[in-house]
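Keep in mind the model is a prediction, meaning the values are calculated, not measured.
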Amino acid sequence: MASRQEPWTKLAHSKKQPGWVAYNPRTMRPQPLGDDTKHMKILSYNVNGVRNVVRSGQFSALAQRENFDVLCLQETHLKEGDVKDFKNLIAGYDYSYWSCSVARLDYSGTGVISRVKPISVQYGIGTSEHDQEGRVITLEFDNFYLVNAYVPNSGRGLKRLLYRVDDWDPCFSEFVEKLESFKPVIVAGDLNCACQDMDIHNPPMKTDDAGFTEEERQSFEINFTMRGFVDTFRKQHPNAVGYTFWGENQRRNNKGWRLDYFLASGSIIDRVHDSYILPDVTNSDHSPIGLVLKV
């Protein structure tokens, strides 16, 4: 039975199917890899404004608890002039990279904090019309590319739906596919789509909402799944209902959405040891997600 302290252990879904279970990281994560197995741990977190998380002291606590190698951030809400104040957020993580929106200030934005020096760093996807909102940072490591992405929300009244599915998604997918011609790719971030019915608590009532329209789900299928990218959490947990985002006052009842992903090239999927959610981290309307990758 779900406790008030751990509401995510409640299977909250209006159309629950036989065999579905609530995702519980306390009981459903594999044993950690030993020091003799080389690996990287990557976290991804839509912080809904990095300043609030910094004030809470959560970054250092999260680093101490999870001992991650790389932290990908979305929705940082920073201006370019602010970045200098956020360069050394966590002791021991000497490499940080930030991309800020120039089209609209204090909006969108991504960041990556790492204790592993990347081979190279790229900002944006190389298309001016899509690179004004600071949505993508790509880090190259020895064995793979890590793409930190904050995909545009279709917005209230679905005002940006056509931009998202007709322009952004195909261009972003092509960018990732070009990277994949050189090395396997991990896409991390808030992809703003609950792609299956089990990824949202009340699917019949949400089909006209941004993030769960038929157009967005089809676009996800065409631009990622059909191109060979694997949803690492769903592969590991085919019957688990786990959410990463909750609307106002919805977290206590676990009425959420799964909008945050690690997608992996098919060629690297067998090196994924763990893909997980940290629902007890609550300083944002999203929770962090994690990936442990054998390298």
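- A 6.0 Å sphere centred on CD of Gln64 holds no more than 12 heavy atoms belonging to other residues, nucleotides or ligands.
- Rounding to the nearest 0.5 Å gives a distance of 9.0 Å between CH2 of Trp168 and OG1 of Thr127.
- Note on Ile113: it clusters hydrophobically with Val47, by side-chain heavy-atom contacts below 4.5 Å among ILVMFWY residues.
- With hydrogens and angles ignored, the 3.5 Å screen pairs no side-chain donor or acceptor of Arg135 with any backbone N or O of Glu75.
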Kindly determine whether Asn148 and Thr138 satisfy side chain to side chain contact (heavy atoms under 4.5 Å, CB included), including the steps that lead there.
CA-CA 6 Å; Asn148 177 29; Thr138 301; over 6 Å; no
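- Look at Arg115 and Asp94 and you find no salt bridge, because none of the NZ, NE, NH1 or NH2 atoms lies under 4.0 Å from a carboxylate O.
- Looking at Phe229, Phe245, Phe220 one by one, the single match for ring-ring contact (aromatic ring centres under 6.0 Å, His included) with Tyr261 turns out to be Phe220.
- Proximity of Cys72 to Ile42: side-chain heavy atoms (C-beta onward) are separated by under 4.5 Å at one or more points.
- The main-chain N or O of Lys10 is found under 3.5 Å from a side-chain atom of Asn254 such that the two form a donor-acceptor pair.
- Val272 and Val187 fall into different hydrophobic clusters, where Ile, Leu, Val, Met, Phe, Trp and Tyr side chains are chained together by heavy-atom contacts under 4.5 Å.
- Annotation: His201 is not in aromatic contact with Trp257 [ring centroid separation under 6.0 Å not met].
- For the pair Val230 and Gly266, the tightest heavy-atom approach, listed with the atom from each and the gap, is CG2-CA, 4.4 Å.
- Side-chain contact between His273 and His39 is absent, with no heavy atoms from C-beta onward closer than 4.5 Å.
- With values rounded to the nearest 0.5 angstrom, Met205 atom CE is found 6.0 Å from Asn202 atom CG.
- Taking the centre of each ring, Tyr243 and His286 stay at or above the 6.0 Å mark.
- Between Val54 and Phe86 there is a side-chain heavy-atom pair separated by less than 4.5 Å.
- The line from CG of Leu78 to CG of Asp85 is 9.0 Å long, rounded to the nearest 0.5 Å.
- Checking Thr207, Leu158, Asp208 one by one against Thr213, the side-chain contact (heavy atoms from CB on, under 4.5 Å) holds for a single residue, Leu158.
- Put simply, Tyr150 and Leu105 are part of two different groups of oily side chains (I, L, V, M, F, W, Y) that touch within less than 4.5 Å, one to the next.
- Here the CG atom belonging to Asp169 is positioned 11.0 Å from the CD atom belonging to Glu174, to the nearest 0.5 angstrom.
- When atom types are taken as modelled, the side chain of Lys41 and the backbone of Val70 share no donor-acceptor pair closer than 3.5 angstrom.
- A donor-acceptor pair is defined here as one N or O able to donate and one able to accept, closer than 3.5 Å; no such pair exists between the side chain of Ser265 and the backbone of Ser267.
- Lys159 contributes no side-chain N or O that, together with a main-chain N or O of Arg156, makes up a donor-acceptor pair within less than 3.5 Å.
- A donor-acceptor pair shorter than 3.5 Å can be found between the side chains of Ser275 and Thr232.
- Ring centroid separation for the pair Phe144 and Phe182 does not come in under the 6.0 Å cut-off.
- Nearest heavy-atom pair across Arg217 and Asp197 is NH2-OD1, 2.8 Å.
- Rounding to the nearest 0.5 Å places CD1 of Ile277 at 8.0 Å from NE2 of His237.
- Look at Arg104 and Glu133 and you find no salt bridge, because none of the NZ, NE, NH1 or NH2 atoms lies under 4.0 Å from a carboxylate O.
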Check: When you look at Val241 and Tyr23, which way does the side chain to side chain contact (heavy atoms under 4.5 Å, CB included) test go after all the steps?
Finding: CA-CA 5 Å; Val241 176; Tyr23 176 70; over 6 Å; no
Is there a side chain to side chain contact (heavy atoms under 4.5 Å, CB included) between Thr76 and Thr110 once you walk through the steps? CA-CA 6 Å; Thr76 53; Thr110 49; 5.6 Å; no
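- Between Arg26 and Glu6 there is a salt bridge, with a side-chain nitrogen of the basic residue lying less than 4.0 Å from a carboxylate oxygen of the acidic one.
- Within the model, atoms CZ of Phe262 and CD1 of Ile269 stand 12.0 Å from one another, a figure rounded to the nearest 0.5 Å.
- Under the side chain to side chain donor-acceptor pair (under 3.5 Å) criterion, the residue pairs touching residues 47-58 are Tyr45-Gln58, Arg51-Asp82, Asn52-Arg55, Ser56-Asn283, Gln58-Asn283, with sequence neighbours excluded.
- A donor-acceptor contact shorter than 3.5 Å links the side chain of Ser284 to the backbone of Asn46.
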(request) Show the numbers, then the answer: is there a side-chain hydrogen bond (donor to acceptor under 3.5 Å, both in side chains) between Thr9 and Asn24? (result) CA-CA 6 Å; Thr9 60; Asn24 186 348; 5.5 Å; no
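- At a threshold of 4.0 Å, the pair Lys294-Asp274 does not count as salt-bridged, since none of the basic side-chain nitrogens sits closer than that to a carboxylate oxygen.
- When every heavy atom of Arg65 is checked against every heavy atom of Asp280, the shortest pair comes out as NH1-OD2, 2.8 Å.
- Formation of a donor-acceptor pair under 3.5 Å by the Asn192 side chain with backbone atoms of Val151 is found in this model.
- Inter-residue side-chain proximity for Phe212 and Cys193 is flagged as unmet; no heavy-atom pair is nearer than 4.5 Å.
- A side-chain donor-acceptor contact under 3.5 Å links Ser173 to the backbone of Asn223.
- Residues Ser44 and Pro288 form no side-chain contact, since every pair of their non-hydrogen atoms from C-beta on lies 4.5 Å or further apart.
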| task | Go through the steps for Trp20 and His13 under the test side chain to side chain contact (heavy atoms under 4.5 Å, CB included), then give the verdict. | result | CA-CA 10 Å; Trp20 286 9; His13 199 284; 3.6 Å; yes
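- The backbone N or O of Thr244 lies less than 3.5 Å from no partner atom in the side chain of Ser287, so there is not a single donor-acceptor pair.
- Hydrophobic cluster membership is shared by Trp98 and Phe68, with clusters built from Ile, Leu, Val, Met, Phe, Trp and Tyr side chains linked at under 4.5 angstrom.
- Under the 4.5 Å side-chain contact rule for hydrophobic residues, Val147 and Ile186 do not share a cluster.
- Of all the heavy atoms in Tyr145 and Leu179, the pair that sits closest is CE1-O, 3.5 Å.
- Screening Lys206, Lys15, Arg234 against Asp199 for a salt bridge (Lys or Arg N to Asp or Glu O under 4.0 Å) leaves a single residue, Arg234.
- When all heavy atoms of Gln236 and Pro30 are compared, the closest pair comes out as NE2-CD, 3.7 Å.
- Atom CG of Asn88 is surrounded by 12 or fewer heavy atoms from other residues, nucleotides or ligands within 6.0 Å.
- The nearest pair of heavy atoms linking Glu216 to Ser154 is OE2-OG, 2.6 Å.
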